[in-house]
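In what follows, residues are counted from 1 in the order of the sequence shown.
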Amino acid sequence: MILANAFCLFFFLGTGADPVVSAKSNHCLDAAKACNLNDNCKKLRSSYISICNREISPTERCNRRKCHKALRQFFDRVPSEYTYRMLFCSCQDQACAERRRQTILPSCSYEDKEKPNCLDLRSLCRTDHLCRSRLADFHTNCRASYRTLTSCPADNYQACLGSYAGMIGFDMTPNYVDSSPTGIVVSPWCSCRGSGNMEEECEKFLRDFTENPCLRNAIQAFGNGTDVNVSPKSPLLQATQAPKVEKTPSLPDDLSDSTSLGTSVITTCTSVQEQGLKANNSKELSMCFTELTTNIIPGSNKVIRPNSGPCRARPSAALTALLLLLLKWAL
């Protein structure tokens, strides 16, 4: 199958048998051929083409409901590497742009006898939970942002294109309005005629499609192949290990683990440092501890406080209690 398709492509390129397009510049034709080389893409594309082209009666060109369902299956089940290439391919001539516009077979899935009011179409979409969700996604991901380089929220082209494709297969289905190769304008099939006092809101809603710089830039960037790594990557935070906590012996059962005691100890040691005991801090603090412990009256909780030496500053009652408990514990 692959060999046969390659031979056919070579034949058309060599003989010019396809006079409508130039194969080198028609990326939309290349996208369609790539889809035909993938079994899943070819099967679902053939399905919606067959359903959307099936005339029901002289007055009814097709079963629009079934056509929409087949289109939704195509865009939902076929990888975007195939669907996006067909839907957002770049064009240099009108023939290519018309092929792009015909991707969703607009005579059945898009166009109708008359254009409904856009607000009526929006109201109809909101009655269907899936259509309502897809429309909300479009407004979120394709909302024009003037604080980003690409005019898209978070510079995310892919999210906008995905939301646009997700709306195909509903009454709100958007499409290219004409076959202009470079002037990309997309819109649902609706107008703002008859909007009355809601005309301003209607025009604003319609401009979200027709004059949306985020959507236009996303389509152009995909077609030109410049959408790769557009979204700036935020630097990954390096994983840091939690500091190792040394296991400390548990406090005696009769000692509270409140923070007031620790604060008293810190304050006392700080007062010692403020008295000029910096150079031999550890030595003199050791002397302080020795003096305090050696002057404990046996059998009592009283300490004889020295009148000189590093411990001439009165320690707090909390510190005294701590020293007594540590001494008992050590013994």
Notebook entry, point to check: Would you say Ser195 and Asn117 make side-chain contact, with heavy atoms under 4.5 Å?
Noted result: yes

Notebook entry, point to check: Can you list the residues that meet the ring-ring contact (aromatic ring centres under 6.0 Å, His included) rule with Phe170, with sequence neighbours excluded?
Noted result: none

Item checked: Shortest non-hydrogen contact between Arg101 and Pro106, atoms and distance -> O-CD, 3.6 Å

Next item on the list: Under the side chain to side chain donor-acceptor pair (under 3.5 Å) rule, collect the residues that match up with Ser179, sequence neighbours excluded.
Entry: Glu98

Margin query: How long is the straight-line distance from SG of Cys89 back to CD1 of Ile219, given to the nearest 0.5 Å?
Written below: 10.5 Å

Check: About how many Å separate SG of Cys91 and CZ of Arg100, when rounded to the nearest 0.5 Å?
Finding: 4.0 Å

Margin query: Please tell me whether Cys152 and Cys160 are bridged, where bridged means their SG atoms are separated by under 2.5 Å.
Written below: no

Margin query: Please find the pair of heavy atoms, one from Leu121 and one from Pro116, that lie closest to each other, and give the distance.
Written below: CD1-CG, 4.2 Å

Item checked: Spacing of CG belonging to Leu29 relative to SG belonging to Cys96, to within rounding of 0.5 Å -> 8.5 Å

Note to self: Taking Thr140's backbone N and O only, do any of them form a donor-acceptor pair with Arg143's side chain (distance below 3.5 Å, no angle check)?
What the structure shows: yes

Margin query: To check you understand the geometry: which heavy-atom pair defines the closest contact between Ala70 and Tyr48, and what is its length?
Written below: CB-CB, 3.5 Å

Notebook entry, point to check: Should Glu203 and Glu200 be marked as a side-chain contact (heavy atoms from CB on, under 4.5 Å) after you check the CA-CA gap, both sets of side-chain angles, and the distance that decides it?
Noted result: CA-CA 5 Å; Glu203 292 289 351; Glu200 185 176 350; 5.9 Å; no

Item checked: Leu206 and Cys190: CA distance, side-chain angles, deciding distance, side-chain contact (heavy atoms from CB on, under 4.5 Å) verdict -> CA-CA 8 Å; Leu206 189 57; Cys190 65; 4.0 Å; yes

Checklist line | Value rounded to 0.5 Å, distance of CZ in Arg193 from CD in Glu199 | finding: 11.5 Å

Item checked: Side chains of Asn26 and Asp30 in contact at under 4.5 Å (non-hydrogen atoms) -> no

Note to self: Restricting to non-hydrogen atoms, name the atom on Tyr82 and the atom on Cys41 that form the minimum distance, rounded to 0.1 Å.
What the structure shows: CB-SG, 3.8 Å

Item checked: Closest approach of Arg45 to Ala32 (non-hydrogen atoms, all atoms of both residues) -> NH2-CB, 3.9 Å

Check: Taking only residues two or more places apart in sequence, or in another chain, which ones meet Tyr176 in a ring-ring contact (aromatic ring centres under 6.0 Å, His included)?
Finding: none

Item checked: Single hit among Phe209, Tyr157, Phe88 for ring-ring contact (aromatic ring centres under 6.0 Å, His included) with Tyr164 -> Phe88

Margin query: Using side-chain heavy atoms (C-beta onward) and a distance below 4.5 Å, is Leu105 in contact with Cys67?
Written below: no

Next item on the list: May I ask you to test the Leu130-Arg134 pair for a side-chain heavy-atom distance under 4.5 Å?
Entry: yes

Item checked: Rounded distance [0.5 Å steps], CZ in Phe74 versus CG in Leu87 -> 9.0 Å

Next item on the list: Using modelled atom types only, decide if a donor and an acceptor are shared between the side chain of His68 and the backbone of Ser109 within a distance under 3.5 Å.
Entry: yes

Next item on the list: Report the distance from atom CE of Met198 to atom CG of Asp120, rounding to the nearest 0.5 Å.
Entry: 10.0 Å

Checklist line | Under 2.5 Å between SG of Cys62 and Cys108 | finding: yes

Next item on the list: Just say parallel, tilted or perpendicular for the rings of Tyr84 and Phe222, cut-offs at 30° and 60°.
Entry: perpendicular

Next item on the list: Taking all heavy atoms of Arg64 and all of Asp112, pick out the closest pair and write down the distance.
Entry: NH1-OD2, 3.1 Å

Item checked: Main-chain N/O of Ile56 paired to Asn63 side chain as donor or acceptor, under 3.5 Å -> no

